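Here's the structure we're looking at; comments come further down.
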Amino acid sequence: MRNHRLTAAAALLALASFAHADGNTILWYDKPATDWEKEALPIGNGRIGAMVFGGVDSERLQISEKSLWTGGPGSEGGYDFGLPADSQADLMRSVGKQLLDGAQLKPEDVAKQLGRKMHNYGDYQSFGDLIIERETDGTPVSDYRRELDLDTAIARVSFKQGGAGYRREYFVSYPDQVLIARWYGTSTQKLRVKFAVPDNRTQQVRVAGDGLQVTGALKSNGLKYAAVLRVITECGSVTAEGDSLRVDSECPITFVLSARTDYQMKYPDYRIAAGDPATIALIENAAVGKRKFMALAIVHKEDYQALFRRVALTLDAGAPRMSTDRLRAQYGSGDAAADRQLEQLYFQYGRYLLIASSRAGSLPANLQGVWNDKATPPWNADYHVNINLQMNYWPAEVANLTETTPPLFDFVDSLVTPGKLAAQRYFGANGWTMFLNTNAWGYVGPIDWPTAFWQPEASAWLAQHFYEHYLFSQDTEFLKKRAWPVMKGAAEFWLDALVADPHDGKLVVSPSYSPEHGPFTAGASMSQQIVADLFANTSAAAQLVGDKAFAKRVDEALAKLDRGLRVGKSGQLQEWKADIDDMKEDHRHVSHLFALHPGHAIDPVKNPELAAAARTTLDARGDASTGWSRAWKINFWARLHDGDRAHKLLAGLLHDSTLPNLWDTHPPFQIDGNFGAAAGMIEMLLQSQSGELNILPALPKAWNKGSVSGIRARGDVTVDIAWDSCGASKLVLATGHAGPVALRSSLFEHAFDASVKTDGTLASRHFMAKRGGQYTFTRAASAGCADH
Ligand code: FUC
């Protein structure tokens, strides 16, 4: 008995040293969570997500698995990917022509003609709940702490009760594809463990030895699922009792949960061809075998930290002294250091959430990342492609997390085949397209929500991510094999689908609908800007892959394309081809500034008059909005080089659109705001969309001192920046590829020293980088900065 106690105590000590002590990357609370959305803490490995509540007597880990979706193939009544059997092209052309002729069509009327009722679209599902009930003596609890350590991707719970200490650790391992929980106690722990699933599925529970299995299929579509749990402890007992496992042990207890479905991201069946999810889950669980917890944790930590630790941001504020819910609640009330602490934490949380909800081998991050506790979540917890899915991936490249992009690229690839049918049925066009939203089942048709359903620009917008991945990585293999087919297909679609406006002969999109705002017109600015962006990227990519004939076709169309960039009578960037903007309108979508961000046709240096118009538009729309809209506006203001305004939007997001667990709220919880804001914070520090590396382009006064390292610029450059109230004081560039680099920074306005690690040659603000080079620029002491 004494030996066992010693084991537990030694384990607690070992854990104390295992924990990383940097308070800048820890979310912590002094109470258990009761509210899933606002308080529970998310962990995940891209495919499996869990929300940790940290209850003292009853612990709940609400589990999600990315592919557990109702609807789609196998549903009663069939599934058609959102596509009608017959061609709608004539109808679509007739609506497009009426609009070109100046007709005013109500969205409801257009939706009646071109919209379609969603049929077996489905919903993302909760996988179930791992419930661990504890026998306690009911004495008071002290020293309670629940935390999420972003540096290790481990959630922890600790408390004292009845003279004993308890500690729990949770993580979801990407290398091992299992959720691991570990419970320590300095006194015996008596637990009852079960796995509960919602009742919209069949379920068979098998409990034997130290294992518990729940298998079955969704009633909606027959999608099979399997959860396999094993409870391991080196002393005491684990026994079956009804549908639960009973644990009685003085030693640390390890829980291993694997979760699978028979989903496969593959049109048209979306099922694995052979094999059973239960077999896969059993194999994954058994593979963990007798490996020690510490060994599993180290593999997890190494995998995660290889991504997470690449980027550090400090706003020179120190570590928070208050719990994260308090830090958030008091944000903006005058404690500048605490405000900076929350901003640093929020930035790294965005990076954490992307790693936790998007890793190779599963679906991309949806509206809720990977976390969902409902059978009918808001907007089906799907993939909206008129901003939201795209926004999820804005931080991926700039925040040095390119490994999080494969799910997006695999997903888009899987949409190309059904997307070709969408292009044919709705436009009689080649290439591929899709509309407002999609699910796990290749849904590519329009829905019937009048003020949002018509969004055929979605494929062009998604194609931008492929080209950007090339720009950041300079990976020509990726460009040829992955990006080119997707981009070319999206461009082929628009080459066929654009129509000439009889008023000026320019090529326009018609029907066209400014996202969720309308009205229906021909050539809304957003439509034109997205197609222009696609054509410009496709033309450049065509040169690189050597398809000169296609480059020529695209260039000819681009020359005739209306670019959607007009300054209207109020000085605004027009939302439509006609100057009809209502300057009192505060709609959350500001899609007609696509050309400012994520596009780059509007640039305050190259075309200041368009930038000024964008500013007027943003002033008119106002700063208050929903979560993701505020996040987009951070990026807009950063691109306009207005750091204080970008920071004001960030402050508004943190103050009004952020929950105690730091999730973004639309409301309700929607993860795009977390990702969009993290990306926006980088846009404030570094931009590279205009052919040069702009250092600190939008530094707010509030960030008067700080440093960032490991962020990425186009051209395969990794950038570290230190700054103070005089601007950049030190820059370090690591260049992965050879090529020209142009820098824009206030550092070059004063005396500076430059050094090059590789060969000792001095570099200036324009230089030819070497592959694997490292270039350092430091403000000279003689620069005469007051801070110096
Ligand atoms: C877009 C937004 C809505 C919501 C939905 C998921 O349609 O306009 O506000 O965020 O996505």
Side-chain angles (χ1 to χ4, degrees), residues 37 69 71 82 107 110-111 115-116 118 121-124 353 357 363-372 374 376-394 408 411 434-440 443-459 461-462 512-520 524 526-527 530 575 585-594 597-598 621-636 649 652-653 656-659 663-677 679-680:
E37 182 190 27
W69 266 79
V110 181
R116 279 196 101 223
M118 287 157 100
Y121 183 83
D123 285 283
Y124 182 43
L353 290 170
S357 64
L363 286 150
N366 59 39
L367 285 173
Q368 299 184 176
V370 57
W371 301 278
N372 169 42
K374 295 189 175 56
T376 52
W379 292 287
N380 318 83
D382 71 358
Y383 303 93
H384 270 53
V385 280
N386 68 349
I387 180 66
N388 317 85
L389 176 61
Q390 290 91 337
M391 185 180 279
N392 282 1
Y393 286 90
W394 286 351
L408 175 69
F411 185 61
M434 57 192 298
F435 294 86
L436 170 70
N437 52 327
T438 187
N439 54 10
Y443 193 96
V444 287
I447 61 168
D448 63 353
W449 179 17
T451 55
F453 79 104
W454 191 255
Q455 218 64 85
E457 303 82 1
S459 60
W461 192 337
L462 288 165
S512 157
Y513 196 85
S514 198
E516 314 206 10
H517 193 202
F520 270 100
M526 165 275 332
S527 304
I530 293 178
E575 186 163 356
E585 176 61 72
D586 66 354
H587 196 272
R588 62 193 179 282
H589 283 263
V590 201
S591 314
H592 50 307
L593 298 192
F594 174 94
H597 182 278
R621 283 286 162 98
D623 296 338
S625 200
T626 67
W628 63 257
S629 176
R630 290 180 195 264
W632 199 354
K633 288 173 187 168
I634 298 171
N635 291 272
F636 285 143
L649 265 299
L653 182 74
D656 299 328
S657 304
T658 298
L659 299 169
W663 263 354
D664 164 68
T665 179
H666 180 57
F669 158 53
Q670 216 172 277
I671 206 160
D672 39 19
N674 286 100
F675 294 142

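Bear in mind the structure is a predicted one, so any value in this text is a computation, not a measurement. Read the numbers this way: they start at 1 and go in the same order the structure lists the ligands and their atoms.
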Quiz item: Which atoms of ligand 1 are found less than 4.0 Å from any heavy atom of Gln670?
Solution: 4 (C), 6 (C), 10 (O)

Quiz item: Would you call Pro515 and Ile387 a side-chain contact if the rule is heavy atoms closer than 4.5 Å?
Solution: no

Quiz prompt | Contact atoms of ligand 1, heavy-atom distance to Leu367 under 4.0 Å | solution = 6 (C)

Quiz item: For atom 8 (O) of ligand 1, which candidate among Gln455, Glu516, His384 holds the nearest heavy atom?
Solution: Glu516

Quiz prompt | Derivation of the ring-ring contact (aromatic ring centres under 6.0 Å, His included) call for Trp371 and Phe669 | solution = CA-CA 10 Å; Trp371 301 278; Phe669 158 53; 7.5 Å; no

Exercise. Mark up the atoms of ligand 1 that fall under 4.0 Å of a heavy atom belonging to Asn388, in ascending order.
Key: 1 (C), 10 (O), 11 (O)

Self-check item: Member of Trp454, Phe435, Phe520 meeting the ring-ring contact (aromatic ring centres under 6.0 Å, His included) criterion with Tyr513
Solution: Phe520

Self-check item: Protein residue, atom and distance nearest to atom 4 (C) of ligand 1, heavy-atom basis
Solution: Trp379 CZ2, 3.5 Å

Quiz item: Would you call the rings of Tyr383 and Trp69 parallel, tilted or perpendicular if under 30° counts as parallel and over 60° as perpendicular?
Solution: parallel

Exercise. Would you please indicate yes or no on a ring centroid separation below 6.0 angstrom for His589 and His517?
Key: no

Quiz item: Short N/O distance, under 3.5 Å, between His666 and ligand 1?
Solution: yes

Quiz item: Any luck finding a side-chain donor-acceptor pair between Asp382 and Tyr443 under 3.5 Å?
Solution: no

Quiz item: Do ligand 1 and Trp449 have nitrogen or oxygen atoms that lie under 3.5 Å from each other?
Solution: no

